[in-house]
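Letters A, B, ... are given to chains in the order of the sequence lines, protein chains preceding strands, and every chain is numbered from 1. Basis for what follows: all heavy atoms, side chains included, without hydrogens, waters or symmetry-related copies.
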Amino acid sequence: MYRTHNCGELRNENIGQTVVLSGWVQKIRNLGGMTFVDIRDRYGISQLVFDDKNQNLCDKARELGREYVIKIQGKVIERSNKNSKMPTGDIEIIVEELTVLNKSEIPPFTIEENTDGGDELRMKYRYLDLRRDSVKKNLILRHKMAHEVRNYLDENNFIEIETPILIKSTPEGARDFVVPSRMNKGEFYALPQSPQVFKQLLMISGFDRYYQIVKCFRDEDLRADRQPEFTQIDCEMSFAEQEDILNMFEGLAKHLFKNIKGVDFNDEFLRMTWADAMKYYGSDKPDLRFEMKFVDLSEIVKGNNFKIFDEAEYVGAICAESCASYSRKQLDALTDFVRRPQVGAKGLVYVKYNEDGTFKSSVDKFYSQEDLKKWADAFSAKPGDLLLILSGNRNETLTSLGQLRLEMANRLNLINNNKFAPLWVVDFPLFEWNEEAKRYTAMHHPFTSPKEEDIDMLDTNPGDVRANAYDLVINGVEIGGGSIRIHDNDVQQKMFKLLGFSKEAADSQFGFLMNAFKYGAPPHGGAAFGLDRWVALFSGLESIRDVIAFPKNNAGRDVMIDSPSIISDEQLKELNLKVTKEPS
RNA sequence: GGUCUGGUAGUUCAGUUGGUUAGAAUAUCGGCCUGUCACGCCGAGGGUCGCGAGUUCGAGUCUCGUCCAGACCGCCA
């Protein structure tokens, strides 16, 4: 027998018992006469004592090294020196028998809460990093969340159904990962970017309410919150309107908040149209943990011969409270920030509302104190506040201002990390203009239905058509989203046409779905949520890598197993493939 | 594809205008130590300064190239 207890559970009530523990050597403290060894497993750490009354055993203990796997038998006793920092700190185990189950080489970094290892090294030895409590606890949280998702959806009659991983490449959306087919030479499978079409087919099959916690794959460049393979909570419902779906998944979110974070949301989540989100926050995923709403100054700044504003399509600003005392250096830093290519603004105009009620701005040449007072009043600004103004093309300026808003919130420490601000962003546009391809692309995906009242505009101005699409946003993170699907073949055909598919292309890519629609497709819609992001949000982490057991780096490499890798000539031949460029 | 930051002991880092034998902490190893829990004290070993060119009397330090890692832009319905 390897163990009667785990290393985290022994307490006062176990005193006097003889126990068997197995685990890893965390730390050895050799005091000469006696030796303490901390033994660790997934559940915790217990202290072992070796007394030199048993010289043999004591000598053996001193030969142990970090991360040796050992089994001990001993007696639980009360500590004379208790350690209140450890859950097992009231007791210790006097060892009677010690077995080394496996030795360990010296690990390349310390397996402790504050490890001395850098990211790169810890990635290479991920299996060792996962022994650390701070990493391990993320995976445990992930398990709990997945479990609660299943509980909630099961209670609501959802059925978990698996869909294929080897599917077909489609032109819309992200780049596909492809898999060559040996039996069908020259042909390729693709890995799913999401189980989108399959879940719609399941609705046609009558499965009413489907879900799946499933891997999705997208071959695009990565970020801290993007992995080439990631996990979605994928859901679909039949006979459901947008309202039904929002309520169902708001319920899921509240269930997770309550059962995982112990946070109760009694009120309905805020709902904001996409247009308002852009207008007031310059983002389709606004962080509402703080306000700092935009004010549109386009009208009131015009007509003073300040060319930049007069010619701008849009002039908007935020009000940074109590920042009128900003120095020239600080304002220059903000100007540099907005002028970075990533933000893209051309310049920044400021107005200081001084404590004495006067105004000082970078455009004093063009505007009087009364003019500037009007601007400040548009914000209900107080003396001591600072207005930061951007101007230019409407959409780009809104986006830049959105980034400035986040930057100011960070500088001013306005973001409360213990607060959760969820909202639904609704009424997304159906299409997005793609300048490169000179055509519309689906903002969500090609099966998203347009708003009933906007259908007429499909022919006249598709860019203004709103979709029955929605995103769940929490703290500025897009946690998930979905849409009501098109279940009418005519509308679907029109959609394909607007997206630039020929009839033939649509048939060859999605013919199976169009066919299925002919046999009685129920009205349906759904949503998908990014499990990785949700777990990261709940654990307070910026990067989703820390909530994935074996993540890939920013070049899509797994530095532990060293993938991707080349394959043998035999494999290539079998697959009928030829590599034309040697890997560098 | 682009921009930026970094790469020095097992590890995390410092290293001045370019100038003697490249340091600290920690880890490791040895010695001492019976109540430690970041144990303590004494001592030791440990370096292709990512790699390759170049400038120079002399390069960890400057220049160019290259590789690796990270953040971001493009991209990601």
Side-chain angles (χ1 to χ4, degrees), chain A residues 26-40 45-53 58 62 65-67 77-86 88-90 92 94 105-125 128 170-176 193-194 196 216-228 230 337 340-344 399 403 428-432 434-437 440-448 467 469 471 478 481-483 495 499 528 530 542-543 545 552-557 559 562 583-584:
Chain A
Q26 172 76 25
K27 190 93 186 174
I28 303 158
R29 289 180 295 277
N30 178 357
L31 271 64
M34 67 195 313
T35 298
F36 298 100
V37 174
D38 289 340
I39 184 172
R40 182 196 72 238
I45 292 177
S46 291
Q47 176 166 283
L48 310 177
V49 197
F50 296 84
D51 200 306
D52 67 354
K53 279 175 218 146
C58 219
R62 282 166 197 168
R66 278 164 57 202
E67 300 306 314
I77 59 165
E78 186 176 5
R79 287 202 201 182
S80 57
N81 268 355
K82 295 191 171 55
N83 184 345
S84 59
K85 284 181 250 170
M86 292 174 76
T88 60
D90 284 354
E92 63 194 356
I94 288 264
E105 292 199 1
I106 296 156
F109 51 87
T110 57
I111 315 283
E112 287 163 19
E113 192 58 31
N114 289 314
T115 180
D116 62 2
D119 293 343
E120 197 179 338
L121 195 71
R122 287 188 289 119
M123 277 300 194
K124 189 172 173 191
Y125 297 91
L128 295 183
T170 56
E172 281 285 307
R175 210 171 279 122
D176 284 318
Q193 297 175 26
S194 79
Q196 185 59 36
C216 302
F217 306 86
R218 292 175 192 177
D219 187 8
E220 295 292 348
D221 286 4
L222 307 175
R223 294 285 187 279
D225 64 347
R226 278 195 238 152
Q227 284 274 301
F230 59 98
F337 172 81
R340 286 166 47 199
Q342 289 93 324
V343 181
T399 310
Q403 293 183 66
F428 274 77
L430 186 61
F431 299 109
E432 207 170 15
N434 184 321
E435 192 52 41
E436 211 171 302
Y440 285 107
T441 55
M443 190 147 182
H444 188 56
H445 58 53
F447 315 108
T448 301
D471 275 0
E478 181 196 330
S483 64
M495 188 76 178
L499 291 171
E542 300 276 321
S543 171
R545 281 175 212 169
K552 292 179 175 55
N553 73 8
N554 66 351
R557 297 201 68 87
V559 295
D562 193 25
S584 47

Below 4.0 angstrom from OP1 or OP2 of [N], is there any side-chain N or O of [X]?
| X | N | answer |
| --- | --- | --- |
| A:Lys85 | B:A38 | yes |
| A:Arg79 | B:U36 | no |
| A:Lys27 | B:C39 | yes |
| A:Arg223 | B:C76 | no |
| A:Arg175 | B:G74 | no |

Parallel, tilted or perpendicular, as decided by the 30° and 60° cut-offs, for the rings of A:Phe109 and A:Tyr125: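 Perpendicular: the ring planes of A:Tyr125 and A:Phe109 meet at over 60°.
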
Would you kindly check whether a donor in the side chain of [X] faces an acceptor in the base of [N], or vice versa, at under 3.5 angstrom?
| X | N | answer |
| --- | --- | --- |
| A:Asn553 | B:G70 | no |
| A:Glu220 | B:G74 | no |
| A:Arg226 | B:C75 | yes |
| A:Arg62 | B:G31 | no |
| A:Asn83 | B:C37 | yes |

With sugar-phosphate meaning primed atoms plus P, OP1 and OP2, does [X] contact a base, only sugar-phosphate, or nothing at under 4.0 Å between heavy atoms?
| X | answer |
| --- | --- |
| A:Met86 | base |
| A:Thr441 | nothing |
| A:Arg122 | nothing |
| A:Asn30 | base |
| A:Ile106 | sugar-phosphate |

B:C42 and B:A25, which share atom name P, separated by this distance in whole Å: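 Those two atoms are separated by 11 Å.
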
Carboxylate-amine/guanidinium contact A:Asp90 A:Arg79, below 4.0 Å: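 Answer for the salt bridge query: no.
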
Basic-acidic side-chain contact under 4.0 Å: A:Arg226, A:Asp221: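 Here A:Arg226 does not pair with A:Asp221 in a salt bridge, since their nearest N and O are not under 4.0 Å apart.
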
Face-to-face contact A:Phe109 to B:U11 six-ring, under 5.5 Å, under 30°: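 Here A:Phe109 fails the 5.5 Å or the 30° condition.
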
Proximal nucleotide (of B:C39, B:A69, B:U11) relative to the A:Leu31 side chain: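 Shortest atom-to-atom distance from the side chain points to B:C39.
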
Side chain of A:Arg29 (C-beta onward), nearest among B:C37, B:C76, B:U34: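 Of B:C37, B:C76, B:U34, B:C37 is nearest to the side chain of A:Arg29.
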
